[in-house]
Amino acid sequence: MAPVLPGFDYLRVPVADGVALNVAVAGSGSPIVLLHGFPQTHLMWRHVAADLAAGHTVICPDLRGYGASDKPAEAGRETYSKRTMAADVVALARALGHERFALAGHDRGALVAFRAGLDHPAAITHLACLDVLPTLDMWEVMHGVGAAVGFHLYLMAQPPGLPERMIDASADAFFGHFLDVWTRDRGAIPADVRAAYLEACRAAVPSIVADYRASAGIDVDHDRADREAGNRLRMPVTVLQQDWGAALGYDAVALWGAWAPDLVHTTVKSGHFMAEEDPAGVAGALRALLTR
């Protein structure tokens with residue numbers, strides 16, 4: 001059997017026409033939604049979610065296009081835009097009875113969370129983003145040979161067809177590469193969880209590529225429009241990041257500070273999958289955010 005979050009109830013919640021999300025829910029108290037990253041599912045939050053559920057209602061969905069959630073065909077630029085995926089999350093929380101909630105995301109989920117914070121400021125009380133830059137800033141700092149670390153961003157930015165065929169031809173090697181090279185503590189992702197991630201990704205190649213393709217197109221347009229309009233995140237924001245700025249030559253605090261006036265930025269020593277490598281540290285940072 002595929003691993004699940006122990007003690008969590010599982011639901012399928014419709015959030016848009018023809019799209020329902022798989023979601024795990026537990027706990028009571030003020031709500032917090034946790035969004036997973038790539039190449040993962042909601043299982044990445046298993047330790048942090050159990051910790052937070054002692055004092056909060058914890059909601060862990062698979063994003064549109066990932067895990068056991070629906071995977072609509074890419075009908076246009078909006079299908080997997082972060083704006084659309086953020087609207088899914090707000091609709092999910094509302095369907096579960098929460099008009100306002102805290103939101104934390106890792107990797108792809110952090111980009112969805114960032115967009116939700118800009119598009120739905122009345123709904124998001126607190127925001128945490130783990131190990132990303134906002135999409136527009138990300139593309140602006142990727143240059144020269146240093147950008148090779150993000151080769152997958154360029155591959156999946158290509159028009160439909162070639163990237164899907166290339167990845168599908170060697171899906172386990174492709175997705176497993178990131179689980180290996182982005183992890184400092186290999187034991188943090190046990191064999192059963194790794195197998196669940198790979199199985200989920202094999203079944204979702206078109207939608208995963210569509211998600212990334214959106215981040216090379218419509219998501220940039222949305223971020224640029226907000227930057228030009230002077231829109232900023234109105235809620236307390238926590239950012240946890242590896243020190244990519246030192247490697248790629250940018251000031252992460254300055255980039256995030258331009259979007260988030262009420263910012264706590266922390267450079268972590270764990271690998272990219274910090275919620276699995278250092279769950280106590282991540283849970284502690286989220287609890288501190290919720291007191292601000």
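As the structure is a computational prediction, the values presented were derived from the model and not from experiment. Values below: all heavy atoms of this structure, side chains included; hydrogens, waters and symmetry mates excluded. Residues: numbered from 1 along the sequence shown.
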Mutual orientation of the aromatic rings belonging to F151 and F178 [parallel < 30°, tilted 30-60°, perpendicular > 60°]: parallel
S69 side chain vs D62 backbone, donor-acceptor pair below 3.5 Å: yes
W45 side-chain N/O to L35 backbone N/O, donor-acceptor pair under 3.5 Å: yes
Residues D211, K82: salt bridge by 4.0 Å N-O rule: yes
Side chain R224, main chain D221, donor-acceptor under 3.5 Å: no
Over all atoms of both residues, closest heavy-atom pair of H36 and P61: CD2-O, 3.5 Å
Gap separating the CZ atom of R213 from the CD1 atom of I218, nearest 0.5 angstrom: 13.0 Å
Heavy-atom closest contact (H56 atom, I32 atom, distance): CB-CG2, 4.2 Å
No-hydrogen, no-angle side-chain donor-acceptor test under 3.5 Å, D131 and W182: no
Donor-acceptor contact present, side-chain T41 to main-chain G67, <3.5 Å: no
Short side-chain to backbone donor-acceptor contact, R64 and D70, under 3.5 Å: no
Short side-chain donor-acceptor distance under 3.5 Å, R108 and S215: yes
Least distance between heavy atoms, L286 atom then L52 atom: CD1-CD1, 3.8 Å
Rounded distance (nearest 0.5 Å) linking atom CZ of F174 with atom CG of D168: 11.5 Å
Side-chain touch H272/T183, heavy atoms, less than 4.5 angstrom: no
4.5 Å side-chain heavy-atom contact, D185 and F273: no
Donor-acceptor under 3.5 Å (T57 side chain, G29 main chain): yes
